[in-house]
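For ligands, and for the atoms within them, numbers begin at 1 and follow the listed sequence.
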Amino acid sequence: MSAFRFEPSSLPAETATLRQEIRAFLAEFSADWTASARAQSWDGFDPQFSRQMGARGWIGMTWPKRYGGSERSALERYVVLEEMLFAGAPVSFHWIADRQSGPLLLRFGSERQRCDILPRIARGELCFCIGLSEPDAGSDVANIRTRARQVDGGWRVTGSKLWTTNAHRAQYMIGLFRTAGDPSDRHAELSQFLVDLSRPGITVRPIRDLSGGEHFNEVVFEDALLPADALIGRAGEGWQQAMAELAYERSGPERFLSSIRALIELIRVLGPEASEEAAALIGRLTAQLVTLRNMSISVAGMLEAKRDPAIEAAVVKDLGGSFEQSLPEVIQAFAGLDLDAERGSDLQQVMAHLTLVVPSFSLRGGTREILRGIIARGLGLR
Ligand SMILES: Cc1cc2nc3c(=O)[nH]c(=O)nc-3n(C[C@H](O)[C@H](O)[C@H](O)COP(=O)(O)OP(=O)(O)OC[C@H]3O[C@@H](n4cnc5c(N)ncnc54)[C@H](O)[C@@H]3O)c2cc1C
């Protein structure tokens, strides 16, 4: 039986200077961010803010300089992510492109795709979305039915994608479509495409979520024509490519900091004279947080050393997701707040928002059950 292992890793000393630079930048930009807006962080959408980050070299920062990157380490990128999320910065415009779409194009894209797209992502000019899920293909991604048919001059796409975060504001989608065979072929015959969402035959319809926000969408393709060079990598290898892409999203600080604003506001309300009971609660939550951070930094260290920490990353997402999902519930059990999203205190407003969105934390990026299946398989238990 295999095992997983979190070797101790720490952020190198030179990241301290970078952290100071980021904090100075955030101090300049964050003056008018409300607690409620900060609680939304990676749902917070601000193209101007993304451009400011791009101008400082903080998007695509590990990529080669010839594609607009800064050739910095994964651990330096880690510091940028955790400072942004801790401050509740609005990073949604560039988040998916920086974390997934850019690295995917760097690895599998053509030279033309890399030269055209990556520098624009790094400047904070492009928003991407991920077109994997469909009405009958959520956890079961291999059941994809949206079809891309090769024709003279390119590919004709018909079908629909569901729950596509930011499709209504993105310029591009990385879409996974069936290019041959039928759904019974499962993983075979799937291919990835760089989809310019402004092309005719593509309709994006926002879906309102429980909190009233419109973050994800249905995207319908009606015989939409994509150019021949929209194919990413090789036809029929989209499944392997898409799974490699998902590995990029599983272990970062976004997997345990999504509801951190509730803890920050609670500590602020309690002040230095907190009761023993309150201090014990804060101590317990902080200990969990610090442990998750150490595990997550350990995964970042393994990625930097070009190792493959797939199981460790899934463990961090599973434990981190449980932590960030339970945090508002634990705080509410302690504080018994009136959750008023409009007129409440900062803590009440943050809690009102988070209580409505936390159920999604164990769905997005792969459900808890699917992740545990991956961990069990990795350990040789199934
Ligand atoms: C906020 C948010 C943003 C999202 N953004 C995107 C996006 O940008 N792009 C995108 O493509 N998708 C996106 N998704 C979709 C997300 O990836 C899917 O919701 C998720 O993969 C689950 O698929 P499903 O909703 O079809 O549920 P189902 O697959 O129908 O699952 C329903 C339940 O059954 C369980 N289940 C299913 N199969 C198994 C199994 N084999 N064993 C045990 N349990 C099982 C699941 O764990 C879950 O609890 C987003 C979802 C959310 C909530």
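Under the 4.0 Å criterion applied to side-chain N and carboxylate O atoms, E218 and R205 are assigned as salt-bridge partners. Residues R199 and D196 are not paired through a salt bridge, judged by the lack of any N-O separation under 4.0 Å between the basic side chain and the carboxylate.
Judged by distance alone, with hydrogens and angles left aside, the side-chain atoms of E237 form no donor-acceptor pair with the main-chain N or O of S191 at under 3.5 Å. For R56 (side chain) and Q52 (main-chain N/O), a donor-acceptor pair under 3.5 Å exists by modelled atom type.
The side-chain tip of R169 points at the ring of F45 from less than 6.0 angstrom away and within 45° of straight on.
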N/O to N/O under 3.5 Å, ligand 1 against protein:
unit_1   : atom_1 : unit_2 : atom_2 : d
ligand 1 : 5 (N)  : W163   : O      : 3.0
ligand 1 : 5 (N)  : T165   : OG1    : 2.7
ligand 1 : 8 (O)  : T165   : N      : 2.9
ligand 1 : 8 (O)  : T165   : OG1    : 3.3
ligand 1 : 9 (N)  : I130   : O      : 2.8
ligand 1 : 11 (O) : I130   : O      : 3.3
ligand 1 : 11 (O) : L132   : N      : 3.0
ligand 1 : 11 (O) : S133   : N      : 2.7
ligand 1 : 11 (O) : S133   : OG     : 3.2
ligand 1 : 12 (N) : S133   : OG     : 2.8
ligand 1 : 23 (O) : S139   : N      : 3.2
ligand 1 : 29 (O) : S139   : N      : 2.9
ligand 1 : 29 (O) : S139   : OG     : 2.7
ligand 1 : 47 (O) : T367   : OG1    : 2.6
ligand 1 : 47 (O) : E369   : OE1    : 2.5
ligand 1 : 49 (O) : E369   : OE1    : 3.4

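A perpendicular orientation is assigned to the rings of F49 and W33, their planes being inclined by more than 60° (bins at 30° and 60°).
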